[in-house]
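For reference, the structure discussed in these notes is given below.
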Amino acid sequence: MNIFNQTHNVITQINKSLAADGLIPEGGDLSKMVVELPRDLSHGDLSTNVAMVTSKQAAMKPRDLAQLYADRLASESFIDAVEIAGPGFININLADGVWQNQLVAIQEAGTDYGKSAIGAGQNVNVEFVSANPTGPLHAAHARGAIFGDSLAHLLEFAGFDVTREYYINDAGTQVDVLARSSYLRYLEAFGETIEIPAGFYPGDYLKDVGQALKEAFGDSLKAQSEEAYLPVVRDFAIEQIMAGIKADLVRLGVSMDIYSSERALTTSGKVDEALGHLKGQNLVYRGVLEPPKGQLPDDWEEREQLLFKATEFGDDVDRPLQKSDGTWTYFASDIAYHYDKWQRTNGVMIDVWGADHGGYVKRMKAAVQATSGQNNQLDVKLCQLVSLLDNGQPVKMSKRAGTFVTLSDVMDAVGADVMRFIMLTRRNDQTLEFDYAKVTEKSRENPVFYVQYAHARARSVFRQDEAIHEFADADLSLLRDDLEVRLIKQLVSWPSLIEAAAKMHEPHRIAFYLMDLAAAFHGLWNGGRDNPDLKFIQNDKADVTKARMYLVNCVSTVISSGLKLLSINAAEEM
RNA sequence: GCGCUCGUAGCUCAGCUGGAUAGAGCACUAGACUACGAAUCUAGGGGUCGGGAGUUCGAAUCUUCCCGAGCGCGCCA
């Protein structure tokens, strides 16, 4: 029970007692009430908007209502003073030592501090990466991988039961192209000169696949017709490439719980099942779509096709399910995939996509709503582009020529820790600049370093003296400097941050929190340079030293807890 | 033409799902190393939150219309 929850509960009780005394109506809705740290220190230790969000239901002026709450809050033992301010805020000053005692919870919980029960064991499925099995992961995939994995850790920390999933698009024409491209490289492995036609995958990485094919099959595939070799080469190539992808993910610290296959889905009849479900609701029909407004595609011709009534669920147009050759569209199998996934999950699904798939969100949500019969079962998080720079200069890459910067290249250059942290230093829907030179710099400008350094600094104090490791019985009321109290408030906000970030599906908040916490700690540290009385170790005051070491230990605990959520190691020394 | 994601200090970005006088870093100016790690810190200037209108006690946040950027737009995944 932290001070925010405690105060929240007290206010809820007061609401009930006011209602019981007939001063306000029964059954007030407090869902919008918050207890928070005010930005401005002159607004007290805690602030609540309870009077403003309930004034309408109570049919009272906010300030009058606030007065009712304030009178009863003032009699709480942990509260020193209560003040009504502005349009009806209630500002609370806590009794001496209340903030300081919050540290005990950190000390007792260790890196579990901040764990929340809001998830209540509910299932959540986070699907991310899901890169096509036609080539190695490149740098842009890293953002989705790290975002998704950190979100999964965050949700677990907040009490959800999380499944990490990778959807392999191993059906459709592109994997056939992969097979043909690999076959050429196979012939090349026998010394034949090859020419790679347009539309094939030109990347050098397929040379390895060609070589592996040669080793596995000898020359037995050479004489075969395309019809005969295609399925064999296709499965082989997919397996090879997926092995590489998995290895990259391991290096990045990402481990999936499930790899699910599009091909398996189609062959097992899941598509028919899902579409049957839609047909049963009269949501599938044969019809003709209007051509898109504006520029008409060159090869446009009017055509009757099988359509899903996505417009009934807020999409702009109905969406096709079948290609003209009778096979399913990608959308059809994706409906089946989400239908299957939803049945397995029995809870909320989160998809992490690249921003270029943004146009697909409405139809997928429509499909999930139609198949599940529920709203809000799918949240799609879009990750914007990453531009790779080296000292301000763009790193050149060309997808057409098959040369791109692979995830593995970037990790060779900067390491997994840097990669993971930097990818969360922007909100997911904001483009991100990733500069090799900057992210490896050892300075304030490099946030990974800055946070790691704060942790290492905190640990370094403990290396000064064996005796200061005994601080469990410290008198925390001795932490009374403004810089110390400010730092304590920040530490104590950690659980609320976790809950907010988990609710919003926003793991980047962890990174920003850690940067702020590091700044507060560096600030206190240097406070001790300006004023020696603030130094952690006071040789003539064992009790003060003890209290401060308790605080320093809490700082390193919360930093390492946050870094742990991002799968980053908290260094003892740098 | 339509849809999605955005637009916050000179630059790069936060802003706790509607709260009080919008915050950091970089850059600029002026300071702090006989010191638990100066790889750090302190202070200062810098804003019509792209623009207009609306919703209400209260808007960077919600609605709507413009302006601008990126992405997407019937059988590719």
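To find a chain, count down the sequence lines: A is the first, B the second, and so on, and within it residues start at 1. When reading the values below, keep in mind they use all heavy atoms of this one structure, side chains included, and skip hydrogens, waters and symmetry mates.
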Please report the distance, rounded to the nearest Å, between [atom1] in [X] and [atom2] in [N].
X: A:H43; N: B:A20; atom1: NE2; atom2: C1'; answer: 5 Å
X: A:D516; N: B:G15; atom1: CG; atom2: C1'; answer: 11 Å
X: A:F331; N: B:C75; atom1: CZ; atom2: P; answer: 11 Å
X: A:Y285; N: B:G74; atom1: OH; atom2: C1'; answer: 12 Å
X: A:E433; N: B:A14; atom1: CD; atom2: P; answer: 12 Å
X: A:L517; N: B:C41; atom1: CG; atom2: P; answer: 13 Å
X: A:F521; N: B:U40; atom1: CZ; atom2: C1'; answer: 11 Å
X: A:D356; N: B:G3; atom1: CG; atom2: P; answer: 20 Å

Given [options], identify the nucleotide with an atom nearest to the side chain of [X].
X: A:N132; options: B:U21, B:A77, B:C41; result: B:A77
X: A:N526; options: B:G74, B:A77, B:C41; result: B:C41
X: A:W525; options: B:C36, B:G19, B:U5; result: B:C36

So [X], base contact, sugar-phosphate only, or nothing? Heavy-atom distance under 4.0 Å.
X: A:P320; value: sugar-phosphate
X: A:F512; value: sugar-phosphate
X: A:S493; value: nothing
X: A:D170; value: nothing
X: A:N169; value: sugar-phosphate
X: A:S443; value: sugar-phosphate
X: A:F462; value: nothing
X: A:A85; value: base
X: A:H508; value: sugar-phosphate
X: A:E290; value: nothing
X: A:M574; value: base
X: A:E499; value: nothing

With both distances kept under 3.5 Å, what pairs with [N], Watson-Crick or G-U wobble?
N: B:U12; value: B:A24
N: B:A43; value: B:U29
N: B:G37; value: none
N: B:G18; value: none
N: B:G70; value: B:C4

Below 4.0 angstrom from OP1 or OP2 of [N], is there any side-chain N or O of [X]?
X: A:Q430; N: B:A14; answer: yes
X: A:T134; N: B:A77; answer: no
X: A:Q322; N: B:G74; answer: no
X: A:K362; N: B:C4; answer: yes
X: A:K323; N: B:A77; answer: yes
X: A:R427; N: B:G15; answer: yes
X: A:R444; N: B:C41; answer: yes
X: A:Y337; N: B:A77; answer: no

**Message:** Using 30° and 60° as the class boundaries, would you call the ring planes of A:F449 and A:Y453 parallel, tilted or perpendicular?
**Reply:** parallel
**Asked** Parallel, tilted or perpendicular: which fits the ring planes of A:F536 and A:W525, with parallel below 30° and perpendicular above 60°?
**Response** perpendicular
**Request:** Would you mind calling B:C16 syn or anti? Take O4'-C1'-N9-C4 for purines or O4'-C1'-N1-C2 for pyrimidines, and syn is within 90° of 0.
**Result:** anti
**Prompt:** Are any non-hydrogen side-chain atoms of A:N169 and A:Y330 less than 4.5 angstrom apart?
**Reply:** yes
**Message:** Within the 4.5 Å heavy-atom criterion, are A:R234 and A:L178 side-chain neighbours or not?
**Reply:** no
Indicate whether any N or O donor in one side chain lies under 3.5 Å from an N or O acceptor in the other, for [X] and [Y].
X: A:N553; Y: A:R548; answer: no
X: A:Y167; Y: A:D334; answer: no
X: A:Q174; Y: A:T134; answer: no

**Fill in**
Of A:D530 and A:H357, the one whose closest nucleotide on RNA chain B sits nearer the 5' end is A:D530
**Asked** Can A:K341 and A:E165 be counted as an ion pair, charged N to O under 4.0 angstrom?
**Response** no
**Asked** Is there a donor N/O on one and an acceptor N/O on the other, under 3.5 Å, for the side chain of A:N91 and the base of B:A20?
**Response** yes
